[in-house]
Amino acid sequence: MPSIIKPSIPLIPLAKNDLGLTIRNYEGSMSTLCAGCGHDSITAAIIRSFFEMSLPPERIAKISGIGCSSKTPTYFVSGAHGFNSVHGRMPSIATGANAANRSSIYIGISGDGDSLSIGAGQLVHAIRRNVDMVYLIENNGVYGLTKGQFSATADVGSRAKKGKANKVTPIDPALLAISLGASFVARSFSGDKEQLVPILKAAISHRGFALIDVISPCVQFNNHNGSTKSYSYVREHELKDIETSYVGEFSEITADLTQGNLTSVTLHDGSEVVFRSLPAGYDSHSRESAIAYINGAVARNEIPTGLLFIDEQAPDMHQVLETTSEALVDLSYESLCPGGGQLEKFNQSFK
Amino acid sequence: MPSIIKPSIPLIPLAKNDLGLTIRNYEGSMSTLCAGCGHDSITAAIIRSFFEMSLPPERIAKISGIGCSSKTPTYFVSGAHGFNSVHGRMPSIATGANAANRSSIYIGISGDGDSLSIGAGQLVHAIRRNVDMVYLIENNGVYGLTKGQFSATADVGSRAKKGKANKVTPIDPALLAISLGASFVARSFSGDKEQLVPILKAAISHRGFALIDVISPCVQFNNHNGSTKSYSYVREHELKDIETSYVGEFSEITADLTQGNLTSVTLHDGSEVVFRSLPAGYDSHSRESAIAYINGAVARNEIPTGLLFIDEQAPDMHQVLETTSEALVDLSYESLCPGGGQLEKFNQSFK
Amino acid sequence: MMASFGNQSTNADWLDSLPLSGLGKVNEFAIKFANVNGTGSASANNLVLKAIFRMGVPVSGKNLFPSNIQGLPTWFEIRVSESGFTARSSSPDIVVAMNPQTYRDDIVSIKPGGALLYDSSWPLSSDFERSDVLNVGVPLSRLCSEKFPDPRQRVLLRNVSYVGAVSGLIDLDYQILSELLNETFHSNPKLQKSNQIALEIGYQYVKESYVTPLPIRLEVRDLNAGKILIDGNTAISLGCVYAGATVAAWYPITPATSVSENFESLCERLRTVELSNPDGTVSNVKNFAVLQAEDEMAALGMVIGASWAGARAFTSTSGPGISLMNELLGLGYYAEIPAVIFDIQRTGPSTGMPTRVQQSDILLSAYASHGDTKHILLFPGNPNECFQFAVKAFDLADHFQTPVIVLSDLDIGMNDWVADEFTWDANYEWDRGRILGQEELSKIAKFQRYSDQDEEYVTSRTLPGKDSKGAFFTRGSGHDQFGNYTESPEDYIKVMERLLNKHKASVNWIPEPIVRIRDKAAIGVITIGSCEPAVLEALDHFEKDGIEMDYLRIRGFPFHQSVKSFIEDHEQTLVVEQNRDAQLRSLLILELGIDPNLLMSVLSYGGFPLTSDDVLTRAKRILKGWDRCPR
Amino acid sequence: MMASFGNQSTNADWLDSLPLSGLGKVNEFAIKFANVNGTGSASANNLVLKAIFRMGVPVSGKNLFPSNIQGLPTWFEIRVSESGFTARSSSPDIVVAMNPQTYRDDIVSIKPGGALLYDSSWPLSSDFERSDVLNVGVPLSRLCSEKFPDPRQRVLLRNVSYVGAVSGLIDLDYQILSELLNETFHSNPKLQKSNQIALEIGYQYVKESYVTPLPIRLEVRDLNAGKILIDGNTAISLGCVYAGATVAAWYPITPATSVSENFESLCERLRTVELSNPDGTVSNVKNFAVLQAEDEMAALGMVIGASWAGARAFTSTSGPGISLMNELLGLGYYAEIPAVIFDIQRTGPSTGMPTRVQQSDILLSAYASHGDTKHILLFPGNPNECFQFAVKAFDLADHFQTPVIVLSDLDIGMNDWVADEFTWDANYEWDRGRILGQEELSKIAKFQRYSDQDEEYVTSRTLPGKDSKGAFFTRGSGHDQFGNYTESPEDYIKVMERLLNKHKASVNWIPEPIVRIRDKAAIGVITIGSCEPAVLEALDHFEKDGIEMDYLRIRGFPFHQSVKSFIEDHEQTLVVEQNRDAQLRSLLILELGIDPNLLMSVLSYGGFPLTSDDVLTRAKRILKGWDRCPR
Ligand SMILES: Cc1ncc(C[n+]2csc(CCOP(=O)(O)OP(=O)(O)O)c2C)c(N)n1
Ligand SMILES: Cc1ncc(C[n+]2csc(CCOP(=O)(O)OP(=O)(O)O)c2C)c(N)n1
Ligand code: SF4
Ligand code: SF4
Ligand SMILES: [Mg+2]
Ligand SMILES: [Mg+2]
């Protein structure tokens with residue numbers, strides 16, 4: 001019988017992580033995306049990183065907007081709470097959740113439409129607040145779920161399924177984020193798990209807003225020759241300049257590095273991340289050189305990937321707010337209510 | 001009798017411009033802003049530039065959002081249509097108006113709250129579309145009309161009237177615009193008409209989106225020592241590096257230039273603008289150097305002003321849309337309706 | 001035991017054992033195609049639909065698709081009805097089961113005496129056995145694998161094969177199908193050929209293996225003369241072109257997307273003008289601007305900006321978009337700026353079920369925005385009205401200087417309906433309303449925006465870019481009759497009262513309700529939009545049962561007084577609509593001052609197009625509770 | 001000829017010629033202060049208000065300010081009423097005219113027999129002459145220029161001087177004023193001194209120049225025992241603190257800004273905890289998070305996110321914000337997430353008149369969002385209820401897992417009202433609703449979000465970050481009882497029907513209406529929010545005229561059945577509200593199934609706080625038209 005039922009995310013046999021969990025504990029329900037959709041590969045990378053980092057599933061909170069990409073939180077870590085909210089408003093919902101409970105690990109999944117059109121305002125301000133979360137844009141240059149309109153990241157000249165060419169300058173989310181003072185900005189490709197997994201790990205370890213722009217081809221509506229977001233184009237043109245490696249928990253990556261400089265970054269949880277950048281002297285701590293590097297690559301029609309910028313010192317939202325280290329949701333009513341005596345004082349002040 | 005009635009915008013005696021109009025023809029109704037508000041100085045600069053450029057009042061369309069700044073279109077060119085719309089939505093309204101009637105000259109007036117908080121998404125996309133308009137942000141670092149909350153441009157450490165210090169990183173609208181590929185980005189100071197007037201003229205002559213970020217002190221809520229948007233601070237720290245001069249119609253400026261390079265830019269209406277930049281080799285055509293220059297200045301706690309970036313080649317919205325050169329509003333019904341015969345053909349195609 | 005199995009048996013036995021209900025269903029039946037979405041089945045199913053249409057038999061197709069791109073169940077239901085009842089049928093006579101995931105439910109849904117067509121390349125589980133339906137197995141996959149080597153092509157051609165099988169089974173005209181394929185692939189002879197082969201495979205197989213045609217079958221008629229097969233969204237986009245709209249601003253959302261996308265392609269074809277440049281080259285210029293906005297607020301902002309500047313401008317959206325547009329709808333209302341909004345309603349609230357139908361934005365649209373507002377609404381009930389009301393919406397918006405919301409829905413908007421051929425009145429002139437040009441301005445002393453009201457409470461406006469004398473300030477803040485800012489209660493009230501009167505006055509331009517009066521019926525039925533076919537069919541059933549009911553379909557808001565009389569003329573009126581909270585009924589009560597006891601609700605809001613059964617069962621339940629029940 | 005002019009004459013003649021109405025108004029009168037905004041007059045006027053309060057006389061202050069920061073007319077109206085009628089008075093007995101721009105209208109507004117206090121440093125134009133009022137000229141500017149050299153200080157102190165003059169004229173206790181000044185400037189002896197001098201100047205001048213006190217004057221009473229003077233927004237912010245709210249997200253908007261700003265300052269004081277660091281230093285940590293959002297959509301998004309995570313969270317906004325929140329309100333409703341929204345209503349639509357009052361977001365709030373929704377609403381009518389309902393809103397939101405909108409208004413929110421001292425029940429426990437913790441989860445086999453409904457149709461939820469067993473997916477798209485995505489009509493309907501029932505069930509937790517029943521009154525009056533004082537005063541007038549009416553004030557939605565009985569028990573019911581379209585009446589008709597003919601509207605919507613005259617004139621007009629008119 002011809003079955004269209006797709007296999008769920010492919011599995012590594014049942015190794016256990018530090019929590020004694022297998023990778024199955026990090027899976028979700030079966031994907032309903034198109035066979036071959038880049039978003040599914042990203043899901044697999046997320047599952048792998050969370051497993052390898054031994055994140056307790058209950059500490060993870062998955063939040064998304066609306067779109068094919070925004071459906072994906074259902075497909076990983078079914079033991080984590082998820083929130084598939086409304087189009088373009090994931091940043092504010094994640095901000096509020098984080099304000100209420102800083103103990104959770106927040107991963108926000110969005111699409112290029114969700115984040116850069118309807119959600120642009122909220123994205124800008126979540127960056128500005130440096131909300132402690134991973135913010136992953138599954139970037140395919142189109143509106144997948146509404147069937148193939150150009151998004152704000154569509155390249156000039158790329159063609160939609162109907163053949164019309166895009167003529168509006170795209171927004172580069174990485175460039176935008178760096179200009180706005182984001183504290184962690186990376187880019188990767190859904191088809192390259194070896195790069196994406198360590199970037200994800202670094203993003204989770206980072207305290208503050210970690211934006212990951214993942215080029216994720218839409219096989220339905222944007223996999224044509226004209227498109228720079230297609231598998232073929234990206235495979236040809238992708239620049240894996242700044243390789244990433246997560247020291248200690250993930251050694252396969254470092255083994256792959258054959259050339260260039262290492263940038264060692266100590267993250268807030270004490271873990272070390274080593275980044276390899278091909279351009280001599282690439283400084284992932286300099287906004288200016290990141291901008292120049294990206295602009296340069298774009299001018300050469302290349303897509304720079306890797307950890308483009310990081311600032312470990314930027315205070316996150318809670319540091320700015322000076323919130324207690326305890327999650328606000330865990331405060332008892334007694335510690336919050338000033339009581340009748342205090343109200344009596346208030347009464348006096350209104351006389 | 002002690003009168004709180006303020007004088008209207010101060011006038012230059014009745015010289016006439018090429019259209020035979022006096023500056024009074026470019027005035028509006030009396031300002032109801034606070035005495036000394038920076039926004040009123042900007043209004044005066046607008047009046048002067050429009051007068052000196054001999055713009056036909058009926059060709060001007062003034063659009064704004066909501067805020068003290070957004071009230072100002074009432075105060076200039078009463079012979080022009082004005083639209084004081086809703087908070088944060090001026091960009092889309094101007095975009096639509098421009099799509100419908102490309103023959104008008106559009107000036108959008110906004111505040112830092114109006115443009116960078118609630119309106120951030122629309123601003124980003126108006127930039128991206130390169131809508132042919134002047135977009136002026138009257139930037140005071142606060143929400144004036146709602147009485148002094150910090151806006152997204154408030155500097156870290158600046159203090160509101162109530163004494164609370166801002167701790168969130170500000171958004172630099174000029175930097176944001178340049179990163180997004182804006183075709184004209186300038187900054188000035190409301191108190192410096194000699195710089196602002198030629199910038200305004202250049203912006204009007206530019207075909208495409210011309211963003212002018214004008215630091216405009218709010219005397220009520222943000223004129224304290226802690227604030228970098230106050231008169232005193234700006235007077236001390238303002239960097240008039242890149243002087244502007246409008247060749248032909250405004251000669252006072254060029255006379256003021258005493259040093260540095262000249263960048264001559266031919267605009268789409270054929271007029272020439274000459275920009276003087278103090279840093280040797282400042283290239284107003286290079287995004288990268290503009291970004292580096294601004295970042296450098298910010299790092300030195302300085303505010304760079306002048307025409308920071310221009311790209312005269314970027315196609316504006318109508319070029320991208322390939323719209324007819326005639327204003328769409330002027331097309332006759334006959335030229336728009338395909339008629340009954342065509343409908344018959346459609347009927348056949350639905351059989 | 002199944003009546004028939006595999007590809008060697010015939011259906012002769014089954015024919016004998018058929019229950020009466022399944023017999024002799026010529027041109028009166030429903031077929032359901034159960035597919036997996038993203039496999040190209042939609043075009044195959046449309047082939048069937050169109051072929052039936054060309055056979056001259058009234059027909060409709062309902063696409064029940066998921067909010068997903070590939071891999072989930074999707075159904076296409078075709079209702080064939082010589083007597084013209086083309087509402088969705090509640091259970092199919094024939095199921096073409098192409099989705100193993102949903103076999104069980106699909107097979108259960110077949111009417112006793114009906115037939116099942118399935119891919120017998122693999123055996124059908126005996127769990128699914130039904131003795132009261134004919135099981136027609138066709139080894140579609142096997143047959144196609146043998147013929148077509150390319151796996152991608154094979155998936156697509158398998159769809160055409162089942163069309164061929166259907167053709168053989170129910171006398172769906174093979175010639176027409178074959179022509180349709182040739183038309184579709186006219187530019188690609190290779191594809192033309194393989195499609196013809198696929199069609200042939202399915203057809204031949206059933207002809208060879210079964211006694212055909214089934215008693216459930218088609219016969220040629222000539223009932224579609226002067227008719228076309230069209231969906232409401234295409235009709236709206238055509239209406240926008242004919243209305244002279246030049247600016248469209250929109251944000252993608254199901255099921256409204258095709259309104260603006262179609263408008264753009266129509267304009268690309270009809271409004272692109274060739275210009276010879278001085279250098280001898282030729283360039284195309286466009287007499288329109290379609291802006292894909294960054295969201296719905298921007299879309300409506302652009303429409304308001306463009307309308308303010310004087311263009312006819314519109315946006316298309318659905319529920320979430322209407323929610324987001326609230327603030328700007330209030331601006332348009334209060335500042336009196338024309339705007340046309342097409343809301344193709346889907347199932348709410350929130351994201352809800354994006355590919356399912358409801359009429360559930362009625363109340364929100366009528367009173368959209370904080371503060372006191374009342375908007376003009378139009379409710380098309382079929383593609384003809386979609387076309388006409390689109391044009392009307394622009395006339396109303398211009399004439400009354402206010403946003404007009406056209407509330408269509410997913411069923412009208414995305415499904416193909418048999419409609420009358422569209423006609424165009426050559427004498428039509430657009431109504432731009434009271435716009436003062438230079439000439440008129442030269443005759444008056446001073447222009448004042450909101451003071452010279454006419455008997456319809458409309459004041460004259462001017463357009464920017466034209467004449468300084470007409471300059472005024474448009475604002476959403478308190479303004480007096482002259483357009484000046486005010487905080488004076490009296491000045492504010494003057495404008496607000498005029499707005500209320502203006503809304504009332506617009507009723508004369510709103511399409512009258514469709515009314516069908518029986519003799520002395522005690523019960524009236526009111527409905528709206530895509531509910532019409534199911535309601536009319538239900539009324540027919542009632543009539544056969546001896547209960548006559550009068551019928552009224554609302555087509556716009558404000559309501560005509562005739563709606564009030566209709567209600568008052570009946571002892572009881574049923575209001576049929578697809579939402580939970582009886583939104584149309586609510587609006588009728590509020591705006592016509594109706595005693596709520598006179599209006600009983602028939603609500604069906606699960607998201608599928610309405611069936612006459614939905615109406616019948618609920619109406620009967622309600623009438624049973626009514627003390628003056630006719631039975 | 002004016003009765004008195006300049007600073008040398010006395011008012012003895014005027015006293016003799018006084019019309020009866022102006023005589024002997026002890027503790028029963030209104031003063032209007034006409035100022036220019038941004039000149040510091042607000043604090044001076046509040047000084048008067050507070051002093052009257054401390055004299056033990058019921059009083060209220062209405063601030064009629066423009067949407068502007070400096071230079072436009074602003075008025076402050078104080079109503080003194082020993083009998084407790086503290087609604088805004090329609091015309092003042094005394095006008096303190098400090099704004100030359102509005103002299104004419106201000107002077108015209110004085111009741112015959114009243115008095116005018118003006119700055120006689122410049123002569124008053126004879127155009128403004130009124131022979132039926134006493135003109136009290138005090139050369140405030142001149143006197144202050146002589147005393148205070150700094151021009152900035154002079155402007156401010158001139159305000160205190162007119163307070164001194166008022167004190168002399170109407171026996172406003174000088175001692176209390178003097179104490180209040182000392183309290184205000186307790187940290188700045190220099191300012192204390194100059195303010196005392198300014199007070200003295202005005203006082204002495206009138207004492208020396210006029211026969212004081214006027215017959216319109218104050219006498220000490222003891223009617224404010226157990227009372228405080230407070231505005232509703234402050235009360236709400238206190239309520240939020242006491243309810244244990246920890247997250248506030250908001251966007252500035254008049255008149256809601258002070259709710260969140262006050263909450264933040266209260267928390268800064270009450271919820272900042274000192275922590276000693278290991279290195280010996282001390283740092284402050286905060287047990288709250290106040291987020292100034294980028295707009296209202298973000299604000300509500302943050303609230304929904306925080307509530308989903310388990311915090312008590314709220315936002316404060318006004319009309320335009322509610323419009324923008326529509327989509328997210330639908331999400332909260334459908335996905336069943338608590339959220340508390342304070343809407344301090346102002347005059348709509350669109351930007352409207354931001355500093356004027358209305359109750360005109362009622363319908364939009366009740367049904368906010370596309371699709372079918374019904375929200376829980378609370379309508380406080382005074383600062384005490386603002387405090388209580390704020391707490392209640394969180395309990396309701398948590399208990400029923402849904403957004404709760406508290407509809408206050410500008411009059412309650414920003415004006416000072418005499419209120420009962422706030423009390424706190426030491427036994428209060430917050431109602432967090434059905435949240436399953438680890439313990440409960442360990443007892444069940446499998447957690448399913450939307451299936452285990454209780455008799456109130458509430459299902460249990462779990463909080464993220466706690467236990468994997470409780471993990472579920474929250475979504476605004478179609479979901480079944482388990483929280484899984486669905487497009488099945490049956491599953492969808494099940495959830496939607498439960499939501500409807502849940503809304504109905506919440507009525508038991510909604511504050512009962514305030515009801516006052518007279519014996520056998522044929523007419524009932526229903527009102528809402530800040531309308532209460534004016535309505536009660538109007539009823540008093542009617543009663544004096546022999547027409548008794550029953551009274552009911554709605555305090556929440558869904559409505560109690562007692563509201564329906566109230567309406568049914570009267571031949572006619574008037575609904576008094578401040579909007580154009582009778583929004584409360586509409587909601588009553590729809591939700592209680594009332595025959596519209598039973599409800600007559602008394603609408604006053606010009607934007608100023610309601611006066612009893614507004615109610616009386618309109619009610620009389622309506623009753624005249626009613627055939628069973630009592631008179
Ligand atoms: C307010 C609103 N407007 C429009 C939509 C329709 N819509 C659903 S998904 C989507 C775009 C998704 O694009 P993207 O975020 O890039 O996700 P992708 O499907 O490409 O992964 C849109 C416009 C919606 N759900 N809500
Ligand atoms: C939707 C909406 N939210 C909030 C407001 C209230 N509001 C009016 S002006 C303003 C801020 C204005 O700040 P800015 O744009 O910087 O202008 P400024 O007054 O400082 O010139 C706000 C929040 C509003 N009018 N509409
Ligand atoms: S439409 Fe594109 S983005 Fe959506 S699931 Fe399919 S391949 Fe992925
Ligand atoms: S409040 Fe500030 S921004 Fe507003 S008018 Fe006054 S000085 Fe200008
Ligand atoms: Mg996308
Ligand atoms: Mg500002």
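Chain letters run A, B, ... following the sequence lines, proteins first, then strands; residues in each count from 1.
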For the student: nearest non-hydrogen atoms of Ile199(A) and Ala186(A), plus distance | CG2-CB, 3.7 Å
Closest approach of Gly88(B) to Pro91(B) (non-hydrogen atoms, all atoms of both residues) = O-CD, 3.8 Å
Kindly give the heavy-atom pair with the smallest separation between Met133(B) and Ala94(B), and that separation in Å.
-> CE-CB, 3.5 Å
Interface residue of largest heavy-atom contact number with chain A, from Leu321(B), Leu116(B), Val124(B), Ile127(B), under 4.5 Å | Leu116(B)
Atom group of Pro170(B) that falls short of 4.5 Å from chain A, counting heavy atoms = backbone
Note: Ile178(B) and Leu308(B) closest approach over all heavy atoms is CD1-CB, 4.4 Å
Spacing of Ile118(A) atom CD1 and Ile66(A) atom CD1 [to the nearest 0.5 Å] = 10.0 Å
Looking only at Ala152(A), Ala120(A), Gly121(A), the option with the highest number of non-hydrogen pairs under 4.5 Å against chain B is Ala152(A)
Identify which of Ile171(B), Leu175(B), Leu176(B) forms the greatest number of heavy-atom pairs closer than 4.5 Å to chain A.
-> Ile171(B)
For Val214(A), the side-chain contact (heavy atoms from CB on, under 4.5 Å) test, sequence neighbours excluded, returns Ile42(A), Leu136(A), Ser190(A), Leu196(A), Ile212(A)
Got a second to check how far Leu211(B)'s CG is from Phe309(B)'s CZ, nearest 0.5 Å?
-> 12.5 Å
Pairs of donor and acceptor atoms under 3.5 Å between chain A and chain B, please, with atom names and distances.
residue	atom	partner	partner atom	Å
Leu116(A)	O	His125(B)	NE2	2.6
His125(A)	NE2	Leu116(B)	O	2.6
Arg128(A)	NE	Thr169(B)	O	2.7
Lys167(A)	NZ	Val320(B)	O	3.3
Lys167(A)	NZ	Glu322(B)	OE2	2.9
Thr169(A)	O	Arg128(B)	NE	2.7
Ser179(A)	OG	Ser179(B)	OG	2.6
Val320(A)	O	Lys167(B)	NZ	3.2
Glu322(A)	OE2	Lys167(B)	NZ	2.9

Look up atom CD1 in Ile63(A) and atom CD1 in Ile109(A), then write down how far apart they are to the nearest 0.5 Å.
-> 10.5 Å
